[in-house]
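Here is the structure we will look at, set down as structure tokens.
Indexing begins at 1, ligand by ligand and atom by atom, following the structure's order. Here, residue 1 is the first one in the sequence, and each next residue gets the next number.
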Amino acid sequence: MTRLGVNIDHIATIRQARRAPEPDPVAAAILAELAGADGITIHLRGDRRHIQDSDARRLRETITTRLNMEMAPNEAMLQAALEIRPDTVTLVPESPNEITTQGGLDLLSTAAEVAAFIRHARPAGIDISLFIDPVEGQVHKAAELGAKIIELNTASYSEAVPKGLHLRGESFLQELERIVRAARAGVECGLAVYAGHGLTYRNVSPIAALPEIEELNIGHNIIARAALVGLDQAVREMVHLLQSPRS
Ligand code: PXP
């Protein structure tokens, strides 16, 4: 069965919109674990737009599954990883004004930074996952650099079926095939193969059905759904308070 890593960044996005104490990503992580998540993922961005260093520290102390931290392969982030000691670091490309991660790492042009990160993080017991586009050349390079895990970028796959699988066409089949080929190449290289980005309740099934893929990291669509399925109870609780106020 495919494992689920729940990315809780956007719980912190809601909090940071008001610089308020709520909602707390640690509370969200505990609920996700109680609901069956196999791991918790956070992206510690250079601009700290959502997850803060203190969130990462508190999550490290609290969660009982695995902590996966996404980060850029640079010295400042290496120091953060060595302090917090997540179970896994997923290296991702990062640029300051992007709305979300744009594409996978180009391991040909970033080989030196990625290799240095792996060399320093491995002795600390941190497994390194490399977020790459589903391209066989990138998969082989990931294995050569000594990564244990690759996470295949499913953004193009997801964009091929923006409204759901009932509208699947030629580009969907091509994107799925790219992921299948890259996943097989990963397994042949001895890598653990994960995938994620842009996955939704509507498009996840064909990816979850691939036996080569061990784990999926899903964030935005789960948090988006939580906001809607939780709204009914949240409004009812406030209506109840207004109907029977206590001074
Ligand atoms: N995997 C990686 C490497 C990511 O950068 C992200 C986004 O933070 C995700 C998975 C989750 O993507 P989404 O929020 O679209 O589910």
Side-chain angles (χ1 to χ4, degrees), residues 2-14 16 25 28-29 32 37-52 55-56 59 66-74 77 81 86-107 110 114 117 127-135 138-139 142 147-162 164 175 179 182-183 186 191-208 213-227:
T2 316
R3 297 191 301 269
L4 173 64
V6 176
N7 181 316
I8 55 168
D9 290 348
H10 296 305
I11 294 290
T13 302
I14 298 171
Q16 294 307 107
D38 298 291
I40 300 298
T41 294
I42 52 173
H43 186 167
L44 189 67
R45 282 187 167 270
D47 63 10
R48 304 297 195 272
R49 67 172 75 158
H50 39 52
I51 292 292
Q52 306 296 303
D55 295 326
L59 285 163
R66 291 172 63 80
L67 180 63
N68 172 36
M69 281 180 75
E70 297 172 2
M71 57 179 63
N74 60 41
M77 284 300 153
D87 299 284
T88 310
V89 161
T90 301
L91 294 178
V92 299
E94 197 176 295
S95 60
N97 296 319
E98 65 189 4
I99 291 175
T100 183
T101 310
Q102 299 295 307
L105 281 170
D106 175 11
L107 295 178
T110 59
V114 170
F117 199 111
D127 291 339
I128 301 295
S129 173
L130 301 179
F131 182 61
I132 55 172
D133 291 330
V135 171
Q138 297 290 340
V139 175
K148 252 182 119 166
I149 307 161
I150 50 170
E151 180 174 331
L152 298 175
N153 180 9
T154 50
S156 299
Y157 162 87
S158 301
E159 283 155 19
V161 277
E175 293 300 337
I179 291 169
L191 294 162
V193 180
Y194 299 179
H197 211 286
L199 294 175
T200 70
Y201 293 85
R202 294 180 305 280
N203 67 27
V204 73
S205 285
I207 300 291
I213 296 183
E214 295 179 21
E215 185 168 310
L216 298 178
N217 275 304
I218 308 179
H220 185 271
N221 205 238
I222 291 178
I223 304 304
R225 187 165 177 83

Mind listing the N or O contacts between ligand 1 and protein, cut-off under 3.5 Å?
residue, atom, partner, partner atom, Å
ligand 1, 1 (N), Glu70, OE2, 3.4
ligand 1, 1 (N), Glu151, OE2, 2.5
ligand 1, 5 (O), Glu70, OE1, 3.0
ligand 1, 5 (O), Thr101, OG1, 3.0
ligand 1, 8 (O), Asn7, ND2, 3.3
ligand 1, 8 (O), Glu70, OE1, 3.3
ligand 1, 14 (O), His220, N, 2.8
ligand 1, 15 (O), Gly198, N, 2.8
ligand 1, 16 (O), Gly219, N, 2.8

Short N-O contact, Arg66 and Asp127, less than 4.0 angstrom: yes

Do Asn68 and Thr41 get their side chains close enough for a donor-acceptor pair, meaning under 3.5 Å? yes

Under the ring pair (Phe, Tyr, Trp, His ring centres under 6.0 Å) rule, collect the residues that match up with Tyr157, sequence neighbours excluded. Phe172

Not counting sequence neighbours, which residues clear salt bridge (charged side-chain N to carboxylate O under 4.0 Å, His left out) with Asp133? List them please. none

Can you sort out the partners of Glu98 under salt bridge (charged side-chain N to carboxylate O under 4.0 Å, His left out), two or more places apart, ordered by chain and number? Arg45

Would you find a donor on one side and an acceptor on the other, under 3.5 Å apart, between the side chain of Gln16 and the backbone of Ile14? no

